[in-house]
Amino acid sequence: MLGAPGVPLLWYQMLAAILFTIGVVGVLVRRSALVIFMSIELMLNAVNLSFLAFSYHLKQVDGQVFAFFVMVVAAAEAAVGLAIILVIFKNRATLNVDDIATMKD
Amino acid sequence: MLEALLFAMFAGTAIGCALGVVFHRNPVHCALLLVGVLLNLAGIFILLHAQFVAALQVIVYAGAIMVLFLFVVMLLNVKGETPLLTPGAAKFFGFLFALIVFVEMLWTVLQPGGDAGAPAAQAPLPADFGSPAAIGRVLYTVWLYPFEITSILLLVAVVGAVVLAKRKFV
């Protein structure tokens with residue numbers, strides 16, 4: 001393949017796709033709100049890997065800067081999301097997302 | 001050759017840990033396996049000459065964010081009470097849609113005109129590629145406004161977390 005000597009860009013993209021898919025499975029299939037959050041972190045990291053692979057491939061640092069922004073968003077999301085989870089657990093004493101779908105009924 | 005070997009090692013461990021994150025019953029183990037994924041991805045980042053991002057991955061992600069996760073998991077102490085997977089048809093459709101997403105991504109990546117086939121930039125890799133100096137130069141010139149906006153985002157997140165933690169919700 002073209003690209004970086006050693007490991008072709010395609011492999012990095014495949015790895016990112018696999019990790020992202022595992023994250024999607026976690027969000028769609030798991031019922032614990034905490035594990036769904038962890039799956040989202042997994043997806044963000046897969047995207048980061050894609051950014052960095054393209055950054056190396058195109059020899060431009062901009063992709064790495066984008067990886068920073070993704071990390072900042074992940075940190076903000078974790079802080080607010082975990083605070084929301086704490087409040088939900090205080091009120092409902094459950095983390096099962098099927099039981100806290102209050103907008104539905 | 002060595003690079004390919006290291007890549008295979010990191011990638012295999014990362015995928016194994018990621019499967020553990022999604023399918024393990026105990027949330028504490030899930031969080032620790034996610035730390036495993038993050039550390040292996042940091043190794044792959046170093047293969048991609050992104051040393052600074054790899055260091056931040058270990059310090060900020062594995063060090064700070066995951067400690068926050070573990071803290072909440074242990075504070076709530078919920079294990080075993082919620083069912084592991086969503087029941088019945090929802091589980092089937094969850095796996096089906098994930099498969100569709102995966103096939104779509106593979107199709108995009110493997111397309112002959114897709115980005116993975118784009119020729120690499122001809123210029124040789126700069127000597128300081130991935131160093132804090134090189135990243136900072138781009139971050140504080142080209143991406144200055146997005147950088148300032150992320151600082152506002154972080155401020156909003158801090159304020160939001162404090163408000164959520166302090167207010168009484170009925």
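Every heavy atom of this structure was used, including side-chain atoms; hydrogens, water molecules and symmetry mates were not. Just so it is clear: chains get the letters A, B, ... in the order the sequence lines come, proteins before strands, and each one is counted from 1. These figures come from a predicted structure and were not determined experimentally.
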Legend entry - Taking every non-hydrogen atom, the tightest pair across B:Ala98 and A:Thr21: O-CG2, 3.5 Å
Inset, instruction - Give the minimum heavy-atom separation between A:Ala76 and B:Leu154, together with the two atoms involved. - result: CB-CD2, 4.2 Å
Inset, instruction - Determine, using the 4.5 Å side-chain heavy-atom cutoff (strictly less than), whether B:Met105 and B:Val103 are members of one ILVMFWY cluster. - result: no
Legend entry - Among B:Leu2, B:Leu56, B:Leu153, B:Val37, residue most engaged with chain A (heavy-atom pairs, under 4.5 Å): B:Leu56
Inset, instruction - Find the one option among B:Ala90, B:Gly136, B:Gly130, B:Ala14 whose heavy-atom pairs under 4.5 Å with chain A are most numerous. - result: B:Gly130
Legend entry - chain B contact via A:Ala67 - which portion, at a heavy-atom distance below 4.5 Å: side chain
Inset, instruction - Give the minimum heavy-atom separation between A:Trp11 and B:Ala4, together with the two atoms involved. - result: CZ3-CB, 4.4 Å
Inset, instruction - Let me know if A:Phe66 has heavy atoms under 4.5 Å from chain B in its side chain, its backbone, both or neither. - result: side chain
Inset, instruction - May I ask you to check whether B:Phe7 and A:Tyr12 place their ring centres under 6.0 Å from each other? - result: yes
Inset, instruction - Taking all heavy atoms of A:Leu19 and all of B:Ala18, pick out the closest pair and write down the distance. - result: CD2-CB, 3.7 Å
Inset, instruction - Please flag which part of A:Leu34 lies under 4.5 Å from any non-hydrogen atom of chain B: side chain, backbone, both or neither. - result: both
Inset, instruction - Count the heavy-atom pairs under 4.5 Å between each of B:Val101, B:Val142, B:Ile44, B:Leu68 and chain A, then report the option with the highest count. - result: B:Leu68
Legend entry - Selection from A:Asn45, A:Val27, A:Ile36, A:Leu15 maximising heavy-atom pairs under 4.5 Å formed with chain B: A:Asn45
Legend entry - Side chain / backbone / both / neither for B:Leu106 at chain A, heavy atoms under 4.5 Å: side chain
Legend entry - Cluster link A:Leu95 to B:Met74, ILVMFWY, side chain under 4.5 Å: yes
Inset, instruction - Indicate, with yes or no, if B:Leu39 and B:Ile46 share a hydrophobic cluster defined by side-chain heavy-atom contacts under 4.5 Å among Ile, Leu, Val, Met, Phe, Trp and Tyr. - result: no
Inset, instruction - Flag the one option from A:Val80, A:Leu49, A:Val73 with the top tally of heavy-atom pairs under 4.5 Å to chain B. - result: A:Leu49
Inset, instruction - Identify the heavy atoms of B:Val22 and A:Arg30 that sit nearest to each other, and give their distance. - result: O-NH1, 2.6 Å
Legend entry - Side-chain H-bond candidate by donor/acceptor type, B:Gln57 with A:Asn48, under 3.5 Å: no
Inset, instruction - Kindly compute the distance separating CZ (A:Phe54) from CG (B:Leu48), expressed to the nearest 0.5 Å. - result: 11.5 Å
Inset, instruction - Below 4.5 Å from any heavy atom of chain A, which atoms of B:Val21 appear? Answer side chain, backbone, both or neither. - result: both
Inset, instruction - Measure B:Phe129 against the heavy atoms of chain A and call it side chain, backbone, both or neither at under 4.5 Å. - result: side chain
Legend entry - Part of B:Phe52 lying under 4.5 Å from any heavy atom of chain A: side chain
Legend entry - Contact leader toward chain A among B:Ala134, B:Ser151, B:Ala50, where contacts are heavy-atom pairs under 4.5 Å: B:Ala50
Inset, instruction - Pick one of side chain, backbone, both or neither for B:Leu6, based on which atoms fall under 4.5 Å of a heavy atom in chain A. - result: neither
Inset, instruction - Could you grab the distance from atom OG of A:Ser55 to atom CD1 of B:Ile135, nearest 0.5 Å is fine? - result: 8.0 Å
Inset, instruction - Under 4.5 Å, counting heavy-atom pairs only, tell me which of A:Leu52, A:Leu28, A:Val35 racks up the most with chain B. - result: A:Leu52
Inset, instruction - Quick one: pull up CZ in B:Phe102 and CE in A:Met14 and give me the separation to the nearest 0.5 Å. - result: 6.5 Å
Inset, instruction - Provide the closest heavy-atom pair for A:Lys90 versus B:Ala165 in the form atom of the first, atom of the second, distance. - result: NZ-O, 4.3 Å
Inset, instruction - Could you state whether A:Ile18 and B:Ile100 fall into the same hydrophobic cluster, counting links through intermediate Ile, Leu, Val, Met, Phe, Trp or Tyr residues with side-chain heavy atoms under 4.5 angstrom apart? - result: yes
Inset, instruction - Side chain from CB out, backbone as N, CA, C, O: work out which of these in A:Glu77 comes under 4.5 Å of a heavy atom of chain B, or both, or neither. - result: neither
Inset, instruction - Heavy atoms only, distances under 4.5 angstrom: which of B:Ile15, B:Val138, B:Val72, B:Leu76 has the most pairs with chain A? Name it, please. - result: B:Leu76
Inset, instruction - Find out if a path of hydrophobic residues (ILVMFWY) with successive side-chain heavy-atom gaps under 4.5 Å connects B:Tyr140 to A:Val61. - result: yes
Legend entry - Choice from A:Leu86, A:Val24, A:Val97 maximising heavy atom contacts with chain B below 4.5 Å: A:Leu86
Legend entry - Heavy-atom check, side chain of A:Met71 versus side chain of B:Val53, under 4.5 Å: yes
Inset, instruction - Rounded to the nearest 0.5 Å, what's the gap from CZ on A:Phe37 to CD1 on B:Ile65? Could you check? - result: 11.0 Å
Inset, instruction - Side chain from CB out, backbone as N, CA, C, O: work out which of these in B:Leu38 comes under 4.5 Å of a heavy atom of chain A, or both, or neither. - result: side chain
Legend entry - Near-ring test B:Trp143/A:Phe68, centroid separation under 6.0 angstrom: no
Legend entry - Side chain / backbone / both / neither for A:Ala74 at chain B, heavy atoms under 4.5 Å: both
Legend entry - Per-residue contact mode, B:Ala64 against chain A (heavy atom under 4.5 angstrom): neither
Inset, instruction - Side chain from CB out, backbone as N, CA, C, O: work out which of these in B:Leu19 comes under 4.5 Å of a heavy atom of chain A, or both, or neither. - result: both
Legend entry - Per-residue contact mode, B:Leu41 against chain A (heavy atom under 4.5 angstrom): side chain
Legend entry - Part of residues 155-162 of chain B lying next to chain A, heavy-atom separation under 4.5 Å: B:Ala157, B:Ala161
Legend entry - Distance, nearest 0.5 Å, that separates CG of A:Leu44 from OH of B:Tyr61: 4.5 Å
